Amino acid sequence: MFADLRARARERLEPAHWDYFEGGAGDERTMRANTGAFDRVRLLPRVLRATGPRDLRTTLFGTELAAPVLVAPTAFHRLAHPDGEVATARGTADAGTVLVVSMAATTPVEAIAAAGGPWWFQLYLQPDRGFTAALVRRVEAAGCRALVVTVDSPVFGRRERDQRNRFHDLPPGLACENMRDETGAVRDIAMDAGLGWEGIAWLRGITGLPILLKGVLHPADAELAVEHGVRGLLVSNHGGRQLDGAIAAIDALPAVAEAVGGRLPVLVDGGVRRGADVVAALALGADAVLVGRPVLWGLAAGGAEGVRQVLALLVDDLDRALALVGARTPAGCTPDLVAVR
Ligand SMILES: Cc1cc2nc3c(=O)[nH]c(=O)nc-3n(C[C@H](O)[C@H](O)[C@H](O)COP(=O)(O)O)c2cc1C
């Protein structure tokens, strides 16, 4: 479905930048497992359900989305296209869904917000709590609707493509614009192996925004997240870019959804490429999915229009898949519709 856009993106990007966007950690086993696990799923459709036109709308934290498909936080969009995150935000707004802005965005959040669509902000809690608090104030003021704390990154994954390409720094003129401190200097994003649940409690104490945790795979952590007042979970292995050898996202989903038992929205990302993948994720307990790399392909291939096109293709494919499994709404994707996983 995305083959042409992906090919065009590859042509347009420098090989080292393509590898940065496309690659995973280690031998990329987990990255392949994400799509491989969806490839193995077999749906068990119902017939004669008189679904009529489908209704894909989904509400998360008070925001209505056109479909249960959000844009995952990915870094460095100006490396993919000169319009960067502004283009991604426009394309996402046109598709009627939510953009999760990466902490490593190359555009200030105020400019992203000006594109007009709803957006959330992804955060790595920094050991410098003062800086983190100031950043939270900044994104709140700019209109952010939820915070997504990435918790699968106590250290950086071993990205061997980047090592081979010696890709370590952004080209001159590009920077992580939301990491500027009060002096205007850009800080490095710190990965913090010292982070524990008290960090989440601290964050809850300084903001009223809903907090989601991104990168939860173990059901015991899902239970702890509920106990710590987190408002949503994102089942994710970071697109296979952190622990190579980690379980595929869709394989981790059912146990997490069971542990949560409907107390919070559960989202999933990693390897979602088709409408049938979204149906499988919904049937296995997700309230919505996020897509990472396909959005980058759209962005690199065609800016805002490319992003809009990727999301429209996926949502159209989801609409068709819903009809074909006999469901009228996302909530109609029940576990019995998955025969093999
Ligand atoms: C190029 C790239 C950059 C990413 N940057 C971030 C990031 O800054 N923060 C984060 O939490 N996740 C980041 N991710 C992970 C995505 O949010 C998401 O978990 C993953 O891409 C989903 O898998 P998919 O690409 O197979 O759809 C990144 C992924 C890619 C491919």
Side-chain angles (χ1 to χ4, degrees), residues 1-2 6 9-10 13 16-25 28 30-39 69-81 84-85 88 98-107 109 120-126 146-154 156-157 159 161-162 165 167 170 176-179 188-192 195 212-217 233-243 246 248-250 252-253 267-274 277-278 281 286 288-300 307 310-311 314:
M1 191 163 65
F2 300 129
R6 184 171 179 271
R10 187 173 197 160
L13 291 175
H17 298 167
W18 168 259
D19 273 348
Y20 169 73
F21 288 129
E22 198 66 4
E28 303 184 336
T30 294
M31 186 178 96
R32 284 192 301 276
N34 281 341
T35 47
F38 278 117
D39 288 344
V69 178
L70 294 79
V71 174
T74 53
F76 307 161
H77 288 193
R78 288 183 62 206
L79 206 57
H81 191 277
E85 287 82 4
T88 316
V98 164
L99 167 64
V100 185
V101 175
S102 166
M103 190 178 203
T106 42
T107 308
V109 285
W120 302 349
F121 190 76
Q122 175 266 324
L123 200 59
Y124 295 104
L125 278 193
Q126 299 296 286
L147 294 174
V148 178
V149 182
T150 300
V151 292
D152 59 12
S153 306
F156 261 118
R159 315 267 171 85
R161 296 198 205 199
D162 296 343
N165 293 326
F167 176 70
L170 284 169
C176 292
E177 292 295 340
N178 302 295
M179 292 302 294
D188 285 338
I189 295 177
M191 300 288 160
D192 183 9
L195 182 64
L212 294 88
L213 298 189
K214 175 175 186 280
V216 170
L217 295 169
L233 289 184
L234 172 42
V235 176
S236 173
N237 54 37
H238 216 115
R241 294 163 74 87
Q242 285 297 108
L243 174 63
I250 192 69
L253 173 65
L267 283 58
V268 65
D269 74 21
V272 175
R273 301 292 181 263
R274 286 275 175 185
D277 300 343
V278 185
V289 304
L290 292 81
V291 276
R293 293 180 184 82
V295 171
L296 294 168
W297 302 332
L299 177 64
V307 170
V310 160
L311 294 170
L314 188 56

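Owing to the predicted nature of the structure, the values given are computational and were not obtained by experimental measurement. In listed order, ligands and their atoms are each counted from 1.
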Minimum heavy-atom distance between [X] and [Y], given as atom pair plus value:
X: Leu195; Y: Leu125; value: CD1-CD1, 3.8 Å
X: Phe121; Y: Ser102; value: CE1-O, 3.9 Å
X: Ala249; Y: Val268; value: CB-CG2, 3.9 Å
X: Thr30; Y: Gly240; value: CG2-CA, 3.8 Å
X: Gly270; Y: Phe38; value: O-CE1, 3.4 Å

Would you mind telling me if ligand 1 is within reach of the side chain of [X], the backbone, both or neither, using heavy atoms under 4.0 Å?
X: Glu22; answer: neither
X: Gln122; answer: side chain
X: Phe76; answer: neither
X: Thr150; answer: side chain
X: Leu296; answer: side chain
X: Arg241; answer: side chain

Contacting atoms of ligand 1, where contact means under 4.0 angstrom from a heavy atom of [X]:
X: Gly292; result: 21 (O), 24 (P), 25 (O), 27 (O)
X: Phe21; result: 1 (C), 31 (C)
X: Tyr124; result: 7 (C), 8 (O), 9 (N), 10 (C), 11 (O)
X: Gly270; result: 22 (C), 23 (O), 26 (O)
X: Ser102; result: 7 (C), 8 (O)
X: Ser236; result: 19 (O)

Just distances here: any N/O of [X] and N/O of ligand 1 closer than 3.5 Å?
X: Arg273; answer: yes
X: Val291; answer: no
X: His238; answer: yes

Here's a test for you: under side-chain contact (heavy atoms from CB on, under 4.5 Å), which of [options] qualifies with [X]?
X: Trp120; options: Leu212, Leu147, Val101; result: Leu212
X: Val100; options: Val148, Leu267, Thr74; result: Val148
X: Lys214; options: Val151, Val149, Asp269, Leu123; result: Asp269

[atom]: which protein heavy atom is closest, and how many Å away?
atom: atom 4 (C) of ligand 1; result: Thr74 CA, 3.5 Å
atom: atom 18 (C) of ligand 1; result: Asp269 OD2, 3.2 Å
atom: atom 12 (N) of ligand 1; result: Lys214 NZ, 2.9 Å

Of Pro73, Ala75, Gly239, Ala72, which has the heavy atom at the shortest distance from atom 14 (N) of ligand 1?
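Comparing heavy atoms across Pro73, Ala75, Gly239, Ala72, the nearest one to atom 14 (N) of ligand 1 lies in Pro73.
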Hey, what's the ring geometry for Tyr20 with Phe167, parallel, tilted or perpendicular (30° and 60° as the breaks)?
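Taking Phe167 first and then Tyr20, their aromatic rings sit tilted (interplane angle of 30° to 60°).
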Atom CG of Leu299 and atom NE2 of His81: how far apart are they, to the nearest 0.5 Å?
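With rounding to 0.5 Å, CG (Leu299) is 6.5 Å from NE2 (His81).
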Among the heavy atoms of Met103, does any lie under 4.0 Å from an atom of ligand 1?
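It does not, in that no heavy atom of Met103 comes within the 4.0 Å cut-off of ligand 1.
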Would Arg10 and Phe2 count as a cation-pi pair here, with the cationic atom under 6.0 angstrom from the ring centre and within 45° of the axis?
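No, Arg10 does not sit over the ring of Phe2.
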Any salt bridge linking Arg161 with Glu22? Criterion: basic side-chain nitrogen under 4.0 Å from a carboxylate oxygen.
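Between Glu22 and Arg161 there is no salt bridge, as every charged N stays at least 4.0 Å from the carboxylate O atoms.
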